[in-house]
Every structure is written in C-alpha cells, then in structure tokens.
2 protein chains.
Amino acid sequence: MGRSTQSKSSSNKPRQVRDAEATKAQILDAATEEFAKHGLSGARTEAIASGSGVTKAMIYYYFESKEKLYQAVLHRLDFPINDMIRETNLDNLPPEEALKEVIQAAIAYRVQHPHLGMILFQEANQNQGKFYKQTNWQEGFEQVINILERGMAEGCFRSVDPFLTAIHIAAVCTFYFDAYENLKYAKPDLDLRSPEMIEQYTQQAINLILAGVRFNTQQ
Amino acid sequence: MGRSTQSKSSSNKPRQVRDAEATKAQILDAATEEFAKHGLSGARTEAIASGSGVTKAMIYYYFESKEKLYQAVLHRLDFPINDMIRETNLDNLPPEEALKEVIQAAIAYRVQHPHLGMILFQEANQNQGKFYKQTNWQEGFEQVINILERGMAEGCFRSVDPFLTAIHIAAVCTFYFDAYENLKYAKPDLDLRSPEMIEQYTQQAINLILAGVRFNTQQ
DNA sequence: GTCTATAATACGATAGAC
DNA sequence: GTCTATCGTATTATAGAC
C-alpha cells in the first residue's frame with residue numbers, strides 16, 4: 001500500500017520567506033533523514049517536502065532530481081569528520097593516544113549525525129557503493145590503518161591485520177547508533193541516547209579496542 | 001523515476017509446476033534479498049516476483065500482503081542461530097572458549113545469511129523495531145551477556161559493562177558483511193567474501209575481542 | 001496453483017501563476 | 001523563490017480465466 005506520506009510534524013512556519021540558503025538546508029536536513037530511513041529508491045520526495053516544510057516543487061527547483069539531492073546529502077556528510085580527525089594532528093601522538101582520539105572523534109561525530117551510518121549502509125546495499133566511491137570516507141579509514149601500523153612498528157600494539165582491525169574499530173563506533181531502535185528493547189529502562197550512556201559507551205569502546213590491540217607483556 | 005524493475009536473472013525454469021512449498025520458499029528467498037536492500041516500504045513486489053520466477057499474484061495468494069510477507073521473512077531468519085548457539089552448550093565451556101564459539105557461530109551464520117544484518121537495520125530505522133520486537137533475537141544477546149558475567153565472576157575477564165560489550169561484539173560480527181559493498185573499494189584487489197578472507201576476519205575478530213576482555217596479569 | 005489483465009492509487013517530475 | 005495543479009508512469013492489490 002505504500003507508507004503514509006502526510007506525516008511528520010510538518011513545521012507550520014509561515015513559508016513564502018524567500019531565503020534560498022535556509023530552504024536548501026531544510027530540504028537537505030529532511031532528505032538526510034528520509035534517505036537514511038529508506039535509501040535512494042525508497043525515499044519519497046513528498047516526505048522530504050513535508051519534512052522540511054516546503055513543497056515538492058522546491059526540491060526540484062534547488063536540486064533538479066531525487067538523485068542529485070541524494071548526492072548532495074552524501075556530499076554534505078562527507079568532509080567534516082576528516083577535518084575533525086586531521087585537526088587533532090594524530091601523527092604527533094603516541095599510537096594509543098591517537099587511537100583513543102580517533103574513536104572519540106568518530107563517536108562524537110556520530111552523535112551529531114545520527115543518520116550517517118544508515119545512509120552509508122543503504123548506499124552499500126542499494127547502490128553497491130556507486131555514489132560512496134565519490135566520497136572521501138576512505139580517508140578516515142586510512143588514518144586508522146596508519147595508527148595501527150605505527151603502533152605495531154613501535155612495539156606498543158600486538159601483531160594485527162591493520163585493515164581488518166580498522167573495520168572492527170569502525171564497527172564498534174557505528175553499530176550502537178545504527179541498531180539503536182532494535183537495541184532499546186533489550187534495556188527498556190535505559191535511555192541509550194542520554195549523554196551518560198553515550199559517555200559510558202565511548203569509554204567501553206575505547207577500553208575494549210585498546211585492550212584488544214595492546215601488546216601486553218606487563219601489567 | 002523509480003528503480004528499474006524487470007532485472008535479475010529471473011530463473012527461466014518452466015513454472016506452472018504446482019509445488020506449493022517450493023514456490024513459497026522461492027518467494028521468501030527473493031523477498032529476503034529485496035527487503036534487505038530496500039526495507040518494507042521500499043521493496044517492490046514486482047522485484048520479488050521476478051526474483052523468484054513467479055508472478056506477483058502468487059505473492060498475494062500465499063502471503064496475503066507485502067507486510068505479511070515481510071513478517072514471514074523476519075520469522076524465517078529468527079530461530080536457527082539461537083539453536084546453533086544452544087547446541088554448543090556454552091555453559092560447560094570456560095568463558096573464553098564459550099565467547100570464541102559464539103563469535104564463530106555468529107559469523108558463520110552471517111556467511112550463510114548475508115541479508116540478515118541489513119534486514120535488521122532496515123527494521124530498526126524504518127519501522128522502529130516494531131516487527132523486531134516479535135522476534136527472538138534478544139536471546140542470543142542474553143547468551144553473550146551471560147558469558148561475560150560468568151567470565152568476570154570467574155576472574156578471567158576484566159571488569160566490563162556486559163551489555164555494552166555484547167553490543168560491541170555484535171558490531172564486530174555483523175559490520176563486515178553489512179558494509180561489504182562500501183568496504184570493497186578500500187581494497188579492490190581483495191575478495192572480502194572469499195573463504196580465506198572470512199577465515200582471517202573471524203580470527204582477527206576473536207583475537208581482538210578476547211584480548212579486549214581478558215584479564216591480563218601475566219603473559 | 002498459476003497466470004493475465006486491470007482497477008485504484010502513489011509517486012517523480014513539470015508547467016505556469018504569483 | 002514559492003506555490004498549486006497536473007501529467008505520465010510505477011506500484012499495490014484484486015478479479016477471473018485456465
């Protein structure tokens with residue numbers, strides 16, 4: 001039957017205000033959420049329109065087509081995290097510290113961009129990463145691999161496969177958010193998105209990964 | 001424009017063979033793949049029909065509606081892994097061994113059911129776990145938590161939050177498969193689905209998790 | 001049990017007024 | 001820059017022949 005469009009607390013702001021950048025941003029926000037939920041093919045332009053408080057026609061006015069809008073969403077999510085990671089100047093930190101920083105940054109970014117993970121999964125499974133290729137997500141990945149290799153060379157990390165271990169680290173940083181709606185049923189009394197839980201989750205992730213890669217002779 | 005239906009190597013078997021169970025199974029197989037890619041709302045009944053080599057009408061004949069078919073798919077994926085885990089009789093194994101067995105079983109199950117992860121993610125994000133609640137996935141989760149608690153009590157695991165650590169273990173066991181289509185671009189020369197890579201991935205996962213939770217005084 | 005044909009609606013995209 | 005109205009097609013679901 002198709003899902004009920006119409007929904008969402010369609011922002012009842014008086015539109016007709018002619019602010020191009022604001023409108024574009026509203027569309028992108030709503031589109032990000034819609035594409036995360038349903039992927040490129042499953043997303044409904046009407047849902048994006050009502051979610052952003054504008055009409056469908058605006059989407060085509062600014063973005064030409066659903067596919068172009070999708071690419072714009074991907075592109076907007078692309079760079080900030082790499083910048084974040086670059087800023088902390090990881091090469092100057094000892095490998096353990098660098099790894100901790102990356103994990104913290106990745107999780108913090110995920111808190112700010114809750115839809116990122118599902119967008120990437122939709123992209124992988126629906127479009128076989130066709131659009132993903134055009135993005136720069138690889139970069140963050142390479143960073144982690146570098147840290148792992150440096151840690152092994154310096155003797156503070158045990159011998160691991162850096163590529164597979166980087167995948168595992170990415171897994172730990174993203175799964176919590178992507179599976180949230182299912183996980184919440186396991187502990188109905190807990191608010192998994194509260195700052196306290198996120199903080200605990202971050203700590204547990206760091207502890208697990210660092211203990212997992214550390215070369216343990218002493219202690 | 002919608003995506004191009006029509007596709008898929010529509011099994012050119014001569015139909016009209018009247019084998020109810022076989023037809024149902026074919027529909028469920030194709031539906032599993034389609035729902036994994038597009039979720040409940042995004043899935044196209046025509047794609048499921050052509051993917052299973054029958055007509056749309058058959059889907060409604062056997063499953064009444066798209067939503068009922070979706071629930072049937074979820075239900076079919078539900079039990080086997082819990083059985084698998086139960087069979088190995090984890091309570092009789094030392095915690096480290098038990099954890100290793102669970103990780104191996106989970107990954108092996110994922111190899112056999114490549115669409116499981118995305119189905120669960122779609123379910124979480126598209127339907128807020130509405131249908132997930134009716135399944136028994138919690139059970140496997142509890143098993144891992146039990147092992148972790150037992151390991152801590154016996155002093156072979158360090159002090160971890162068992163719930164969050166179980167989430168991290170689940171993450172490591174599923175992310176590799178769910179992100180496959182994106183990950184493959186990072187190492188184009190590698191076949192991430194080859195038995196050798198899966199074996200390496202499994203070993204790395206076990207090593208990382210065990211090292212991550214082990215209480216390390218010696219060695 | 002399986003198919004073809006079709007009804008009813010949903011959806012992507014555009015035209016044209018303001 | 002924004003809206004309403006609408007076109008053409010895609011899609012769910014059903015009716016009815018075989």
Side-chain angles (χ1 to χ4, degrees), chain A residues 1-8 10-28 30-31 34-35 37-73 126-127, chain B residues 1-8 10-28 30-31 34-35 37-73 126-127:
Chain A
M1 190 176 277
R3 64 210 154 79
S4 56
T5 289
Q6 181 78 347
S7 55
K8 297 192 176 177
S10 172
S11 47
N12 280 5
K13 290 170 200 159
R15 288 227 46 83
Q16 197 76 317
V17 248
R18 287 166 194 264
D19 180 343
E21 287 312 307
T23 302
K24 275 174 78 168
Q26 283 166 9
I27 292 173
L28 281 170
E34 178 71 6
F35 284 129
K37 272 191 181 153
H38 304 282
L40 171 56
S41 73
R44 302 286 169 247
T45 54
E46 178 55 43
I48 295 171
S50 81
S52 53
V54 300
T55 61
K56 258 191 302 182
M58 283 293 90
I59 293 171
Y60 292 92
Y61 177 72
Y62 282 115
F63 296 96
E64 193 175 341
S65 71
K66 193 168 90 162
E67 189 172 306
K68 290 271 175 61
L69 173 59
Y70 179 71
Q71 290 182 260
V73 166
Q126 220 170 72
N127 310 316
Chain B
M1 189 176 280
R3 65 210 152 76
S4 58
T5 289
Q6 181 79 344
S7 54
K8 294 189 178 179
S10 172
S11 46
N12 281 3
K13 288 171 202 159
R15 288 229 46 83
Q16 198 77 313
V17 247
R18 288 167 192 263
D19 180 342
E21 287 313 308
T23 302
K24 275 174 78 167
Q26 284 165 9
I27 293 173
L28 281 171
E34 178 71 5
F35 284 130
K37 272 192 182 152
H38 304 281
L40 170 57
S41 72
R44 302 281 170 252
T45 54
E46 177 56 42
I48 296 170
S50 81
S52 54
V54 300
T55 59
K56 261 188 299 183
M58 282 293 89
I59 293 170
Y60 292 93
Y61 176 74
Y62 282 114
F63 295 97
E64 192 173 342
S65 71
K66 193 166 90 163
E67 187 171 309
K68 291 269 174 63
L69 173 58
Y70 179 70
Q71 290 182 261
V73 166
Q126 219 170 73
N127 310 316

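In what follows, every chain begins at residue 1, and chains take the letters A, B, ... in the order their sequences are listed.
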Chemist: Distance check needed: D:dT14 P versus B:Tyr60 OH, whole Å only.
Modeler: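 Result: 7 Å.
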
Chemist: At their closest point, which heavy atom of A:Ala30 faces which heavy atom of A:Gly51, and how far apart are they?
Modeler: CB-C, 3.7 Å

Chemist: Check whether any side-chain heavy atom of A:Ile48 lies under 4.5 Å from a side-chain heavy atom of A:Val54, and answer yes or no.
Modeler: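 Counting from C-beta outward, A:Ile48 and A:Val54 never come under 4.5 Å.
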
Chemist: What's the CD1-P distance between B:Ile27 and D:dT12, to the nearest Å?
Modeler: 14 Å

Chemist: Rounded to whole angstrom units, what separation is found between the CZ atom of A:Phe63 and the C1' atom of C:dA13?
Modeler: 16 Å

Chemist: Output the rounded distance in Å from NZ (B:Lys66) to P (C:dA10).
Modeler: 13 Å

Chemist: Need to verify one output field. Residue with the more 5' nearest nucleotide on DNA chain C, B:Ala57 or A:Thr45?
Modeler: B:Ala57

Chemist: So if I take every side-chain heavy atom of B:Arg44 and compare against D:dT11, C:dA13, D:dT2, which nucleotide ends up nearest?
Modeler: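 Selected nucleotide: D:dT11.
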
Chemist: A:Tyr62 side chain N/O closer than 4.0 Å to the phosphate oxygens (OP1, OP2) of D:dT2?
Modeler: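 True: A:Tyr62 side-chain N/O within range (under 4.0 Å) of D:dT2 OP1/OP2.
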
Chemist: Can you measure B:Glu46 atom CD to D:dA13 atom C1' for me and round it to whole angstrom units?
Modeler: 13 Å

Chemist: OP1, OP2 of C:dC3 versus side-chain N and O of B:Thr55: anything below 4.0 Å?
Modeler: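 True: B:Thr55 side-chain N/O within range (under 4.0 Å) of C:dC3 OP1/OP2.
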
Chemist: Taking CE from B:Met58 and C1' from D:dT14, how many angstroms apart are they, rounded to a whole number?
Modeler: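 Checked: the CE to C1' distance equals 13 Å.
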
Chemist: Separation of B:Glu67 atom CD from D:dT12 atom C1', in whole Å?
Modeler: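 It is 13 Å, rounded to the nearest whole Å.
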
Chemist: Does B:Tyr70 have any ring pair (Phe, Tyr, Trp, His ring centres under 6.0 Å) partners at least two apart in sequence or in another chain, and if so, which?
Modeler: B:Phe35, B:Phe131

Chemist: Hey, which of these two, A:Tyr61 or A:Lys56, hits DNA chain D nearer its 5' end, going by closest nucleotide?
Modeler: A:Tyr61

Chemist: Give the rounded distance in Å between these two atoms: CD of A:Glu64 and P of C:dA15.
Modeler: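 Roughly 13 Å, once rounded to whole Å.
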
Chemist: Checking B:Glu34 side chain against B:Thr45 main chain: does a donor-acceptor pair fall under 3.5 Å?
Modeler: no

Chemist: Using a cut-off of strictly less than 4.0 Å, decide whether A:Thr23 has a side-chain nitrogen or oxygen near OP1 or OP2 of D:dT2.
Modeler: yes

Chemist: Can you find a pair of side-chain heavy atoms, one from A:Lys24 and one from A:Phe63, that are under 4.5 Å apart?
Modeler: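 SC-SC contact between A:Lys24 and A:Phe63 confirmed.
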
